[in-house]
2 protein chains.
Amino acid sequence: MADDKFQKDCKKKIMAVHDAMDVLNGKWKISIVASLCYHNKRRFSEILNDVNGISNKMLSKELKELEINKLVKRTVLDTQPVTVQYELTEYGKKLQTVIKNLTDWGAEHRKEIIGK
Amino acid sequence: MADDKFQKDCKKKIMAVHDAMDVLNGKWKISIVASLCYHNKRRFSEILNDVNGISNKMLSKELKELEINKLVKRTVLDTQPVTVQYELTEYGKKLQTVIKNLTDWGAEHRKEIIGK
DNA sequence: CGGCATCCTTCTGGATACTG
DNA sequence: CAGTATCCAGAAGGATGCCG
């Protein structure tokens with residue numbers, strides 16, 4: 001039946017979404033990507049300041065995971081003392097649309113809660 | 001300086017994204033929303049089947065949280081035995097764009113990993 | 001500056017069984 | 001069918017201190 005095919009298609013899509021979220025799990029990962037999305041190149045301490053409430057341990061850990069998943073590129077500049085720059089890879093940049101949508105939705109959502 | 005304003009704007013946007021993810025935290029919430037996004041009206045056991053790997057406990061819990069945050073509407077139909085229908089609220093439907101973007105990205109991402 | 005190591009608490013979520 | 005209850009392991013994540 002065609003229903004069957006439709007059903008299977010939906011499951012596939014839902015799994016795709018789940019896969020996407022697998023890479024973006026953790027309390028801060030999306031915020032980090034957002035920071036890099038809005039700033040292009042960004043240093044460790046700058047991201048630490050961008051993302052409200054994150055600890056250096058978590059930033060370090062989640063950045064590493066994002067790097068492993070090829071969303072983020074890490075560059076060490078040999079200044080004194082050491083400076084490290086992070087940026088989205090071409091692949092990571094494909095999330096920009098998602099981030100922007102989430103930004104809009106989040107801003108609206110905030111109004112919705114504060115409104116009460 | 002204008003730089004200062006830009007910086008503040010970015011922080012606001014990043015916080016908005018974080019707010020959004022606050023509502024969508026948990027391992028399964030986005031997948032559940034995706035299921036309701038692609039199916040419109042959906043029963044408890046159907047979602048259980050849609051979302052691969054979720055337990056009834058988690059489904060129940062996360063649906064409740066989504067309901068509290070006004071993303072999902074729950075309707076009990078008085079059939080025998082009881083049937084419960086879930087659907088996105090108008091507000092929740094505003095996430096459809098995000099879900100669709102994530103679906104596309106997730107599908108691509110899957111290729112990327114399997115390709116290796 | 002950009003981390004890593006350690007400790008410790010809280011939260012997450014799976015398995016299983018039970019209820020109206 | 002649509003949940004709830006309990007039990008419990010392991011993961012997440014905060015605080016703090018140390019290092020090149």
Side-chain angles (χ1 to χ4, degrees), chain A residues 7 14-15 17-19 21-33 35-36 39-69 71-88, chain B residues 14-15 17-19 21-36 39-69 71-88:
Chain A
Q7 171 65 11
I14 293 165
M15 283 182 58
V17 173
H18 196 256
D19 284 351
M21 293 318 295
D22 237 37
V23 184
L24 300 170
N25 64 14
K27 195 171 175 181
W28 307 102
K29 224 155 282 173
I30 302 234
S31 300
I32 295 170
V33 174
S35 170
L36 295 176
H39 284 293
N40 291 334
K41 291 175 193 288
R42 207 72 176 144
R43 286 173 29 212
F44 188 88
S45 50
E46 289 175 327
I47 306 177
L48 207 54
N49 179 59
D50 286 343
V51 181
N52 222 293
I54 194 173
S55 68
N56 60 350
K57 172 189 162 183
M58 288 314 295
L59 179 54
S60 171
K61 186 196 142 203
E62 308 226 298
L63 272 172
K64 202 182 295 172
E65 292 172 10
L66 288 171
E67 203 193 340
I68 290 173
N69 281 299
L71 298 186
V72 161
K73 185 182 162 206
R74 179 176 181 270
T75 315
V76 181
L77 309 175
D78 66 344
T79 52
Q80 189 62 357
V82 172
T83 305
V84 182
Q85 218 163 52
Y86 291 91
E87 59 195 305
L88 292 181
Chain B
I14 293 165
M15 284 183 57
V17 173
H18 196 255
D19 284 349
M21 292 319 293
D22 236 38
V23 184
L24 299 170
N25 64 14
K27 196 171 174 181
W28 307 102
K29 224 155 282 176
I30 303 235
S31 299
I32 295 170
V33 174
S35 169
L36 295 176
H39 283 295
N40 292 334
K41 291 174 193 287
R42 207 71 176 146
R43 285 171 31 212
F44 188 88
S45 52
E46 288 174 329
I47 305 176
L48 206 55
N49 180 60
D50 287 341
V51 181
N52 222 292
I54 194 171
S55 67
N56 58 350
K57 172 189 161 184
M58 289 313 296
L59 178 54
S60 171
K61 185 194 143 205
E62 308 226 299
L63 272 173
K64 205 181 293 175
E65 292 171 11
L66 288 172
E67 203 193 339
I68 290 173
N69 283 299
L71 298 186
V72 161
K73 185 183 161 203
R74 179 176 180 271
T75 316
V76 181
L77 309 174
D78 67 342
T79 51
Q80 188 63 359
V82 171
T83 304
V84 182
Q85 218 162 51
Y86 291 91
E87 58 194 305
L88 292 181

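On a predicted model such as this, the values are computed, not experimentally measured, just so you know. In the text below, chain A, chain B and the rest are named by the order of the sequence lines, each starting its count at 1.
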What nucleotide among [options] has an atom nearest to a side-chain atom of [X]?
{"X": "A/M58", "options": "C/dG3, D/dG14, C/dG13", "answer": "D/dG14"}
{"X": "B/S60", "options": "D/dT4, D/dG14, C/dG14", "answer": "D/dT4"}
{"X": "A/F44", "options": "C/dG3, C/dG14, D/dT4", "answer": "C/dG3"}
{"X": "A/K61", "options": "D/dA12, D/dG3, C/dG3", "answer": "D/dA12"}
{"X": "A/Y86", "options": "C/dG3, D/dT4, D/dA2", "answer": "C/dG3"}
{"X": "B/N56", "options": "D/dG3, D/dA2, C/dG3", "answer": "D/dG3"}

To the nearest Å, how far apart are [X] [atom1] and [N] [atom2]?
{"X": "B/N25", "N": "C/dT12", "atom1": "CG", "atom2": "C1'", "value": "11 Å"}
{"X": "B/I54", "N": "D/dG3", "atom1": "CD1", "atom2": "C1'", "value": "13 Å"}
{"X": "A/N52", "N": "D/dG13", "atom1": "CG", "atom2": "C1'", "value": "17 Å"}
{"X": "B/L48", "N": "D/dT4", "atom1": "CG", "atom2": "P", "value": "13 Å"}
{"X": "A/I32", "N": "D/dG13", "atom1": "CD1", "atom2": "C1'", "value": "13 Å"}
{"X": "B/D78", "N": "D/dA2", "atom1": "CG", "atom2": "P", "value": "14 Å"}
{"X": "A/E46", "N": "C/dC1", "atom1": "CD", "atom2": "P", "value": "11 Å"}
{"X": "A/L59", "N": "C/dC1", "atom1": "CG", "atom2": "P", "value": "14 Å"}

Heavy-atom pair of closest approach, residues [X] and [Y]:
{"X": "A/R43", "Y": "A/T83", "result": "CD-CG2, 3.1 Å"}
{"X": "A/S35", "Y": "B/I14", "result": "CA-CD1, 3.6 Å"}
{"X": "A/L36", "Y": "A/Y86", "result": "CD2-O, 3.5 Å"}

Can you find a side chain N or O atom of [X] that sits less than 4.0 Å from OP1 or OP2 on [N]?
{"X": "B/S45", "N": "D/dA2", "result": "yes"}
{"X": "A/K27", "N": "D/dG14", "result": "yes"}
{"X": "B/S55", "N": "C/dG13", "result": "no"}
{"X": "A/R74", "N": "C/dG3", "result": "yes"}
{"X": "B/R43", "N": "D/dG3", "result": "no"}

For the residue pair A/W28 and B/H18, categorise the inter-ring angle as parallel (less than 30°), tilted (30 to 60°) or perpendicular (more than 60°).
parallel
Closest-nucleotide ordering on DNA chain D, the 5'-leading residue of A/P81 and A/E62
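Result: A/E62.
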For the helix from C/dC1-D/dG20 to C/dG20-D/dC1, what angle lies between the axis at the first five pairs and the axis at the last five pairs, to 10 degrees?
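The value is 50°.
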Residues B/K29 and B/E65 bridged, charged N to O under 4.0 Å
yes
Which residue pairs pass the salt bridge (charged side-chain N to carboxylate O under 4.0 Å, His left out) test when at least one of the two sits in residues 46-59 of chain B, sequence neighbours left out?
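For residues 46-59 of chain B, and leaving out neighbouring residues, the salt bridge (charged side-chain N to carboxylate O under 4.0 Å, His left out) pairs sorted by first residue read B/R42-B/E46, B/R42-B/D50.
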Quick one: pull up CG in B/L88 and NZ in B/K41 and give me the separation to the nearest 0.5 Å.
11.0 Å
Straight-line distance of A/L24 CG to A/E62 CD, nearest 0.5 Å:
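Atom-to-atom, A/L24:CG and A/E62:CD are 10.0 Å apart.
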Donor-acceptor pair under 3.5 Å, B/K57 side chain vs D/dG3 base:
no
